[in-house]
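To start, the structure itself, in structure tokens.
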Amino acid sequence: MGITAKNFIASYTKPESLITEEYPEEKPKLPENNRNFPFLVFDDDPDAGLRCVSCKICERECPPQCIYIVQERDENGRPVKQPKVFDIDISVCMSCQICVEVCPFDAIKMDQEYELSSLDRFDPLIHDRQRLSKSNEYYHSIHPAEAAAVDAVLAEKAARKAGNKKAADNES
Amino acid sequence: MITLPAILALSAALFATGLGIALIRRNAILIFIGIELMFGAGVLNFVAFWRFSPDPEALTGILFAMFTIAIAAAEISVGLALVILIYRHHQTPELDAANRLRG
Amino acid sequence: MTALSGTIPVFASLEGAPIALKAWILGMLENMGMPEPFLMLVSIQLSILGFFSVFLLLFVLASWFERKILARIQNRRGPNRVGPAGLLQPIADGIKMLTKEDIVPVAADKVLHACAPVLIILPAFLAMAILPYGKNMTPVELEVGILLFFAVSTATELAVFMAGWASLNKFSMLGAMRAVAQILSYELPLILAATSVVMITGSLSLTAMVEAQGGYLLGILPNWHVFTPWGFAAFAMFFISALAESNRTPFDLPEGESELVAGHMTEYSGFKYALFFISEYLGLYVVCGFAVALFLGGWQAPLPFLTFIPSWIWFFAKILCLVFVAMWIRGTFPRVRVDHLMNFAWKFVIPLGVMVLVSAAVWHLAGRGPLGWILSLPPLLIPYWLMARAYGRNYDAGGRVYRFAE
Amino acid sequence: MNALSTESIAARVREAVPEAEVELIPNKGPSGQDSLLIGAAKAVEIAAFLRDDPELRFDYASNVTGVDWPERVVKERVTATEEVDGETKEGKKVVETKIPGFLEAVYHLYSMERKHGPLVVRLRTGDRENNVTLPSLTPVYRGAEFQEREVYDLYGIRFDGHPDLRRLLMWENFADYPMRKDYTPPDDYEYEPTPHDAVLEKAKRHQADDGCGKGDPA
Amino acid sequence: MNPPSETGSPSPNPAESPRYRTAGYDSDAQLLEVSLGPQHPSTHGVFRMNVALDGEDVVKLKPVFGYLHRNHEQIAEQVSYLGSMPYTDRLDYFCSLSNNWAYAAAVEKLAGIDVPERAEYIRVITSELTRLVNHTSFLGFMLSDMGAWGTVLMYAFREREKILDLFESLTGSRMMGNYMRFGGCRCDLPPGWLEQARKVVDGYPAFLDEMESLIATNEIVISRTQRIGRLPADKAVNGSMTGPCLRASGVNYDIRKVDRYGIYDRFEFRVPLGDHGDCYDRLMIRFLEMRETLKILRPALRDIPEGPVMDPKARQRNLRPPEGEAYARVEAPKGELGFYLISDASDKPYRYRVRPPSLINLTLLEDLCLGEKIADVMVILGTIDIVLGEVDR
Amino acid sequence: MNATAYILLGILLIASGTGAAVLRNPVHSGLSAVVAFVTLGMLHMALGAQFIGFVQLLVYIGAVAILAVFAILLTRPEASHLPCLRPLRRAVAGAVTAGLVLAALLIAIFRSPSLNREPGPVAEAPVAEIGELLMTTHLLPLQTIGVLLTAALIGAVLFASTNHS
């Protein structure tokens, strides 16, 4: 009984021993690695700047098969490197991050938003492309270190591409 | 004010009810309850007689009532133990099924 | 009342406040020309209303109190959303309970199922009537007060039994069987413990018992029974048995949720369940009240210079202390097992209870004083020590030694 | 396994249990856990020997599971000489071998006393339909009880001599064996509409059936 | 899903088999059949036991499973090797990182992948932290089963929370780690993680002392656990009991010592063994194991080398291990967790089997409970420490 | 004693007693008998024997009724195939017997002239005096009752714990 008495008194005398977070008023500080559901990163323009090229690797690899992608086609019916439909059913998604790992374009990342509960099973819980698209700045704001690393890699890739192109230009 | 015969009549009725239970029920435990009701009628008589006695300070009726209650308690404790015993033998608390004295 | 009360008039006026209020209302009615029988009826009604409302308030407080205490023991905050510091939580609970669907199982014995919750709450109210809340503040002065308590508290087990049996649920049935066995077993030590006080006081009336504990030894130590060897043992016994009697942890086997879901209350919902809930808390208050009256000096102040505080405040303060201890125990101990419980009652508490009687008798003869202390301790300590040794042998309570493999 | 190779164990078993059919099945993978295929007829005796032999003491059946090997055709390119028109031609040819299907119960045995293992023991049924009875090793290894029930449940191997062979995970009236390779789930679920076309189609179909759709998928 | 029914068993009638005959009860008139679960406060999930009681004594007990069955193995045989990794989190959702390790170890064995040193250290650290999480919450649940109203549970969760915070900052999720990969770990430790972990580990002994004085010397706990549910060593071995329950019966079998997998041979720790095999021993073994775990964690957190956390040669996507099979096991907090994989050289496992310690430890549940009181059933079930996600898979 | 109270209590007493006799379910019968016991206790109190009233409640509800109902449960009468009452002929015979006994008693009561007397002066039985009398005049009966109760307790335990199987 001594132990419980100690804890009882401590809960009044030592504020840090109270472990409850009063949720709606104070929200937990999420560690950088925290993940919840995926989102799509765009660079500048929410429409054209989307990094996703609809290669469908994530759709294939997703273990619970919650991603659904339809590729965009232009007027001539030729595929364009843009997703026309990109849906994620977050009630099926199990936040495993495999889509992020397999994406070769760093286009899909994990979000930290968690207040997603709703009364409707369908509309609010099936995220479409528009809802999934979030800017690179947002990405930086939730995963600063990781985003910086990704940006570096992308910049390097771009530089190499540019270099290659320049080299190709030079050659021709 | 209620007279002594009225209370005695009530007690008689209670006694008859207890007797009726004891006579018409099969279940040994209920038979015991009937007997307890008869005891209760007796206790009521004791109390009534004490109340209407010429010398209530003697408290004899009260004391007899107490002794009766104690005896009733002793009786039912042994009785219920017997019923449990009978039940173990015959798998039923009905006395009709246990009319043989051999186990 | 000492001279201090004169200096602090607030307390002095508080002392008789409840009685004065009643007298004032009665007097007003009398002035209005009400007939005598009606006045008597009103007087009774007022007394009943008084302790009814006080205890309902206490019940409401208790559920808040319990949640808060348990939460604090567990390093949580407890209710803090409804009202200031969650004080309105019990009301929210009540509304929730009332608006819930009342479910009666199809196969249940509907009449008994409905009767049980009503019956279970009756004994607590009946027993409240004879508690001495303060000086001249016993609602019903009864010469055989303590007998009434035991007589009505047995009705609880009947109600529990009815609830369990009528629900036609195996868990309920098991819970009811446990409850009956448990309450029956702990009735005895409860009576034994109270009997020791009856022996010393020479009366069955609670008011007399409280008054016998007035006065102070050497001017500081109150003459409470708990400060005597037999009294302390009897108090411990009484409190433990009272916890068992009111189905509180660690003796909450009848409703032991980890094995029996909710025991006899499994098939209850809504308001009927709330009645069980209320009766548990009221029962707790009542048994604590009796423990206070029997052993802790009732409404007597613990120290002579504190007598200026009204007696009924002392009474309720003591009750709340005991209630707190009960909740503290609930926050600490796991539930005991049913056979341990019975063994504890029959093989430990009851023999000890008999020894308490012996000790009290010795005390009664030897008188309050060093001789009483010397003579009344051995009949308690020796059997206690012997029994503790005998039963302790079954377990390696001192801790086991474990091997380690590299 | 330090001192005891699977081969030597096989030899010991053959020595100790007469008429025991023991066959070594090598494992080509990097793990190198070879296994013993033992005949069903003497399986209980062999298991008892493995458990009780003072040097082997495989007293602990860690893992019991089933494997389904449906009938399959192994295509193998072999070099064959062929006489065509008197000439001897040498050429590659695809030989198709038909391997009949069977079910397999695999036991991973360890020794807690001597701390070695695993010894992988396999039992094979005759086919996948009718001849699916194997002797139960539960009398030897009590720990196999639930796992054999699970194998019975999911693969349909009937274990002879099992004390309480009931379905473990599926319900009693369930007809199929859900871990078999040719198992197709019955199309009776209540599909929830998702973005996937296929599932959405099914969902629509089912919700049209019951008429009280749980929310319009559209 | 229909509930598994008791009737119509196609197999030999269980009542005829000698083990299930309720000896001495010629008629069922005295027996009370109770179905504990699937919605019962202390079955720790959707788990049911058909119990026959004589008064309060248990004379028959049949566990019924399958309420949470999702055919994990079938799912895993239809997704890629990598795709099963997040599903292993959900087996024993208290110990996702141990599960990860077991699966990763099996695939590494199957495909012959090496693990870099730093990753090995991280694996040891995370899996030992997992053991702390599991045993700590075990104590809480255990005491709740005894009816202690969650006080111990709250203390346990307070401490568990600290480790879960560590997991969150490392893996991104508190319980569903999905952290290990074939040939290493998904990502390196975030900066400052080691210090934080050291702080948690350093604070742990005080917590254990507090818990021990609250539990281990509590008379009620002692009387409710000592000499209850005794399991002799030979029966435990034959019944394939593993983990702390086995060691409480006095069998010295800890896979960390026996297989010396990972880098466990570098750490000095002891294996606590009980002599009685009763519930109290099972409880105390977990205390002692936590103390030993701290002995592993301290040097591991100190000595962890720098370096990569992934084998650069290892691939996650389109992993096609050579034909063959492998069985790998680890000492998960609840017992031996094994993964048995058969590869047919495609990118999906041909056969994927989990050896769930929770399920197999339940084999002996009936034997432990027979003759005990109904309240003891909960304690015994509690000390076996099951998680239904793993039992039913 | 108030006439209204007498009538009410009397009706309740006889009704619950009859209920105990005829209710089908033995548990209902038992509980009905409990009501009869409670009413009896109240009658005692109304007659001024407070102490006896409470003792009656304590012993009959606390011990006798609970034990009886418990025993009814333990013996599972609902599993019995026989109807709850005896065969009709015997039941009628029993009822008639009870009725005859009642009639005889009533005749005796109302025809006896010595019963028509006024209640005594005391309204309440003083508890202290009961105690004193128990310890002085009636000490021997008290001791005898004590021995009897002990013997009954031991006998009951012996009966119930004997294992014949």
Side-chain angles (χ1 to χ4, degrees), chain B residues 1-6 8-10 12-21 23-27 29-30 32-33 36-37 40 43-44 47-48 50-54 56-57 59 62-63 65-67 69-71 73-74 76-78 80-85 87-89 92-94 96 103, chain F residues 1 3 6 10 13-14 17-18 20-21 26 29-30 33 36 40 43-44 47-49 52 55-56 59 63-64 67-68 71-72 75 77 80 82 84-86 91 94-95 97-98 101-102 105-106 109-110 115 117 119-120 122 125 129-130 133 138 141 145 148-149 152-153 155-156 159-160 164:
Chain B
M1 207 63 194
I2 294 302
T3 55
L4 179 59
L8 292 186
L10 185 60
L14 184 64
F15 185 84
T17 320
L19 186 66
I21 295 178
L23 285 177
I24 65 175
R25 295 305 291 232
R26 282 171 186 282
N27 194 314
I29 299 157
L30 288 177
F32 269 110
I33 287 185
E36 288 299 313
L37 281 181
V43 175
L44 187 58
V47 172
W50 162 75
R51 187 77 181 80
F52 289 87
S53 79
E57 279 84 8
L59 293 175
I62 296 279
L63 289 170
M66 268 192 69
F67 292 144
I69 289 177
I71 290 168
I76 199 161
S77 67
V78 177
L80 286 179
L82 270 173
V83 173
I84 299 279
L85 205 63
Y87 174 72
R88 287 222 187 113
H89 270 277
T92 172
E94 322 270 299
D96 291 5
Chain F
M1 188 181 180
Y6 166 78
L13 182 64
I14 300 307
T18 318
S29 286
L40 202 54
L43 266 173
H44 293 325
L47 280 172
I52 291 296
V55 167
Q56 164 93 14
V59 171
V64 173
L67 278 182
I72 290 174
T75 51
S80 157
L82 299 165
C84 65
L85 299 179
R86 281 164 183 254
T97 316
V101 169
L102 175 62
L105 284 173
L106 287 180
I109 289 166
F110 284 110
L115 292 178
R117 44 179 137 154
V122 258
E129 271 177 45
I130 296 177
L133 278 176
H138 297 81
I145 290 287
L148 174 75
L149 276 175
L153 186 72
F159 271 141
H164 284 271

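This structure is a prediction, so every number in the text was calculated from the model and none was measured. Quick note on labels: first sequence line is chain A, next is B, and so on, each numbered from 1.
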Problem set entry | Chi angles and distances behind the side-chain contact (heavy atoms from CB on, under 4.5 Å) call for F:L40, B:V43 | CA-CA 9 Å; F:L40 202 54; B:V43 175; 5.7 Å; no
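- Minimum interatomic distance between B:A12 and F:L106 (heavy atoms only, all atoms of both residues): CB-CD2, 4.4 Å.
- In this structure, the side chains of F:I14 and B:L10 come closer than 4.5 Å at one or more pairs of heavy atoms.
- Taking chain F as the reference chain and counting heavy-atom pairs below 4.5 Å, the highest number among B:A13, B:A48, B:G18 is found for B:A13.
- Using a 4.5 Å cut-off between heavy atoms, B:L44 touches chain F through backbone and side chain atoms alike.
- Annotation: maximal heavy-atom pairing with chain B below 4.5 Å, among F:T18, F:L153, F:L13, occurs at F:L13.
- Applying the side-chain contact (heavy atoms from CB on, under 4.5 Å) rule to B:I33 yields the partners B:L30, F:A33, F:A68; only residues at least two apart in sequence or on another chain are considered.
- Listed by chain and residue number, nothing satisfies the side-chain hydrogen bond (donor to acceptor under 3.5 Å, both in side chains) test with B:T17 (two or more places apart in sequence, or in another chain).
- For B:F32, no part lies near chain F; criterion is any non-hydrogen pair under 4.5 Å.
- B:I71 touches chain F through backbone and side chain together, each having a heavy atom under 4.5 Å away.
- Summarising the geometry of B:A73 relative to F:V59, their closest heavy-atom pair is CB-CG1, 4.0 Å, with the distance given to 0.1 Å.
- Here the side chains of F:L133 and B:I62 are not in contact, with every heavy-atom distance at 4.5 Å or above.
- Nearest approach of B:I24 to F:A95, heavy atoms of both residues: CG2-N, 3.8 Å.
- Nearest heavy atom pair, residue B:A81 against residue F:A156, reads CB-O, 3.4 Å.
- What you find for F:I145 and B:A70 is that their closest heavy atoms are CG2-CB, 3.5 Å.
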